[in-house]
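Since the structure comes first, as structure tokens, the remarks are kept for the end.
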Amino acid sequence: MADIPLTAAPALGDVNLTFASCVLTERTDIALISVATPHAGYEALAAKIKDVWGLSMPGASASLNAGAMRAIPLAADQMMLAFTPDGGLSETSVQAELTDVAYTTMQTDAWAIIELSGAGATAALERICPLDLDPQTFPNGAAARTMMEHLGALIIRLEADRFLLMSARSSAQSFLHAVETSCRWTAP
Amino acid sequence: MSQSNRIDGGQIDRSRTLKFQFNERWLTAHPGDTLASALLANAVRLVGRSFKYHRPRGIFSAGSEEPSALVQLRKGAALEPNTRATTIEMFEGLSATSQNHRGSLEHDILAVNDLLSPFLSAGFYYKTFMWPKAFWEKLYEPIIRSAAGLGKLSGMEDPDTYDHGYLHCDVVIIGAGPAGLAAALAAGRAGLRVILADEDFRMGGRLNAETYAVDGMDGADWALGVIAELAIMNNVRLMKRTTIYGAYDHGIFGALERMTDHLPDSGDKPRQVLWRIYSKRAILAAGATERSMAFGNNDRPGIMLAGSVRTYVNRFGVAPGRKIAVFTNNDDGLKTAEDLRAKGIDVTRIIDAREGDVVVNTNGRKGLNTIFLNRGRHVEADCLAVSGGWSPNVHLSSHHRGRPEWRDDIAAFVPGGELPPGMVVAGAAAGTMTLAATLAEGHEVATRVATDLGKSGSLATAPRASDEIFATAPIWHVKESKHRAWVDLQNDVTTKDITQSYREGFRSVEHLKRYTTLGMATEQGKTSNMLGLAVMADASGKTIPETGTTIFRPPYSPVAIGAFAGRARGKNFRPTRRTPSHNWANENGASFVEAGMWKRAEWYARPGEKSWRDSVDREVKATRNGVGICDVTTLGKIDIQGHDAAEFINKIYANAFLKLPTGKVRYGLMLREDGTVYDDGTTARLSETHFVMTTTTANAVLVLRNLEFARQCLWPDLDVHLISTTDAWAQFSVAGPKSRALMQKVVDDLDLSNEAFPFMACTTCTVFGGTPARLFRISFSGELAYEIAVPARYGDAMIRAMMAAGEELDLTPYGTEALGVMRIEKGHVAGNELNGQTDARMIGLGNMVSRKKDFIGAALLDRPEQVREDGLQLVGLRPIDQDVILTAGAHFFVEGDPEDMAHDQGWMTSVAYSPELGHSIGLGFLKRGRDRHGERLRAFSPIRGQDVMVEVCSPHHIDPEGDRQRG
């Protein structure tokens, strides 16, 4: 065995761009595990995540977070757990916790994650995101799958003017170009 | 001469003067002007030449309905032909030129067409250029094309950018005239989320052009006050310079916002944004368009719509003439005379058609100077304000095929039939032609919409105004006129063209329109449709409603194709997917091929290699003789988990999967419901409840979608869960006799001997000292081979580490071309063979299909075409003359047979040059192919001009027994 330690590369090279009214940053600190609920296993899974992380099962359109853990709805019987790994929390440990109550898949590497924040974030998103981001319709915590510039995307509202935008890793450069162009073109 | 026609008043900023050019001549204007108002202020009356007869034309209207004053705006690559001078907002340095003339605007040599007009009537081209047939393409069409058309394109790439966007609201209000403003005020105050859009750069509509009072103040000032109130409401979005051009399904409207058209240049911002507006309700308050009357020589510069004359006088502070006559069939037209007199402009005559006075002819070569009336009278005038009544702007109400209905009292069509769901119409667009009634209606419909949507906030009361007198008579055409009378100024359609086309049998309005070109191009019938209908009704002896009306389609006014394209231009036409080794490949001489959205390395050129074949041959040889590596991340990967995952996969694939042991991989064949093979790949079992399926690159999304359909709709009782992991893992194929030696250096503490890790084994492991990985022993090349996957974040590091570890083994990267050569050598099918017509028997996998289970495609496995004795079967082909390069697509014929369908024996699907065999090889489908190995056939390709002899052989050109991959 050759001893050549492999270094992880961020999907977008740790990009960080500041525009007149918003900031775009790659989030490389977030790990993702998808969690599928087994048939007739909802209660057991709900009890487990409540017990381990104090987390409730998310509904169809809103993410929930408890402490370091956020649950993002993906499909009728599937959610994504998003967290920042630290000493006690890792992709392996989260999957291990859920072994008996869910089917988990490591998804960290499947996605590129952009945080878009600032007063101009919504105006920038208006150019690429078909969803209604009015705070009444898409309040803090809201999460939805959608398409942006022909790319599948997940959007989560963290705060009034702070969003997480997730899209596939292989096309991340195109996704970044879409978001960046929107920020540039909507800058006052 | 400097703005000699500028008069007092108007909503322009006289504190600033702007310079602009028309036909290279510098003129001045003020902010708030349009190009049209500025030209009129500078006493420029001749603005362009007409489409067919090259007649002198001036400014006819003051809005987007303008048929005549079309100009080329800007210069160089940004030049835009056929823009309406009436909609161009003035800016410093604006440059416009007139169009559609040979020579100067004043001395157009094609004006000779006007003298030839008796020969250029409706259907001229269709009747004249019928023979000889051969002349059409070479002679007639080029001449006609050169003479026809209006402006000219620059022929250069559009330097501007365009964007798209999405907006959402409770109610979109289309038009910010009195009805729209009253509606917006009521809806906004009620708390609805409102979008108020208007195509003008100044909201207010006719209130800016008239002198009416609202709520005790000047109408234009009232509009300003309302706009100010709306502007501070968080729930209201004001969109001026925005045309709602189309009503689409589910309350969606298309809108074009002109972001920088009023600026000297766009900077780095998009010029226009094409919005998709999602609304719960829509209020169409698009107002009405004035129409003309048809009388002799009614197209001269100086003949204008009466309401537009008022617009220039009241809004722009411009006198369109110094001696103005008014010709009207309604009371609204009379208002023009009042407004002109109030500004001290000489009104030389009021000609009220209702009293039997009509204009029969006009004079003035490049601009009106005399008007001839019936009973031998004449009047001097440099401007004639004509009002033939107003037509409600029903356009968007008929975008879902709602057919407008006729109203005798206003002599016009109003919205009718089925409106787009959620749409209500208010104000002049609904046929409510007076101010007080319009304001009240705008308020009332918005209140109704608010209640409907559950809002009952403060609506206050409707704005108050007086109703002016509005009486109109259906007088369209001055029949005593002996001269040509224009119906459609833009397309040079006269009353004679319409009556003639009726006589020639074009009785339907739709046919009339197409035969005469009435209502086409930028004007889209806004000023001409009603006149055309009326003349046709007259010719047929029917009423207008009996004659019918055309309905409207989007767009309401022209939208640049660039705006529809938005960002999808050049390399941003569609997204790009990159493999984890993309950067490394780029650094190492790779050229890339598009595979769907993916960019895949097709080969890695090395110094001294003269052609792609040199690189590919080298890569194949190095792999077959040593070890090669290829990024195969693009293959679809689907994580399948659940207690019933095995049963689910067994129902998906045509071959058996239920008993696939953990730690094993199996090749699977996926059929459509009609039994046709649509995808193939391998599926690995990682645990009792966990599988990883791979698909072809092309079908990754389709397969996942089909699996989701099967999971959710076909077998919802199965406990099975899916998620794509295509992007999550960087996967590399390592192939060749030295691949085991390489992999042994890569993986941590794993026995890779044939006994411990045989062909079709799989496992999770770690590589390079602890990085998690998955290892599969599978082969597409036919060699001893592995696929190794690591989390995508390590993909770039992995290829670099692999290359370093493989240096002593001369590890060679290979691209998709070498991959293709090796799979053809091995006889593996790919897209060329799985073309949507192929079943398992054809590719020699009929025995693999299980007859003991149910699966998708099972029911239609044995259709007559599939079991016929002379069915097509996969074979290998090699040229008799080994110097011949075979071509894909060639058809097989028995020597001596004619080359026709009846004697067709099959076709060549894939070809490659085999470096190992030293000659070209092919795969193909041949009737009874498996029984014909050794037979010689013609491979005939008329498209490529090839006719060569080939020998049929096994599709497995190399290692038919599979010893290498199992070794």
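Just so we're clear, the structure is a prediction, and the values are computed from it rather than from any experiment. Lettering of chains follows the sequences in order, A, B, ..., and the numbering in each one begins at 1.
Partners of A:Ser93 by side-chain contact (heavy atoms from CB on, under 4.5 Å), not counting sequence neighbours, listed by chain and number: A:Leu89, A:Ser90.
Of the listed residues (B:Ala797, B:Gly165, B:Ala728), the greatest number of heavy-atom pairs within a distance under 4.5 Å of chain A belongs to B:Ala728. Highest contact tally toward chain A, considering only B:Thr161, B:Thr725, B:Thr633, B:Val790, is held by B:Thr161 [criterion: heavy-atom pairs under 4.5 Å].
For the atom pair OH of B:Tyr166 and CG of A:Leu125, the computed distance is 12.0 Å after rounding to the nearest 0.5 Å. Atom NE2 of B:His168 is separated from atom CG of A:Leu133 by 7.0 Å, given to the nearest 0.5 angstrom.
The two residues A:Trp185 and B:Asp163 have their closest heavy-atom pair at CE3-OD2, 3.4 Å.
Looking at B:Leu718, the atoms closer than 4.5 Å to chain A (heavy atoms on both sides) all sit in the backbone: N, CA, C or O.
Defined by atom type and a distance below 3.5 Å, a donor-acceptor pair is present between the side-chain atoms of A:Ser182 and B:Arg567.
By a heavy-atom distance cut of under 4.5 Å, A:Ala36, A:Thr37, A:Pro38, A:His39 are the residues of residues 35-44 of chain A near chain B, going up by number. At a heavy-atom cut-off of under 4.5 Å, chain B is reached by A:Tyr103, A:Thr104, A:Thr105, A:Met106, A:Gln107, A:Thr108, A:Asp109, A:Ala110 from residues 101-117 of chain A, listed in order of number. Among the residues in residues 248-257 of chain B, none has a non-hydrogen atom closer than 4.5 angstrom to a non-hydrogen atom of chain A.
Using a 4.5 Å heavy-atom threshold, the side chains of B:Arg578 and A:Ser170 count as separate.
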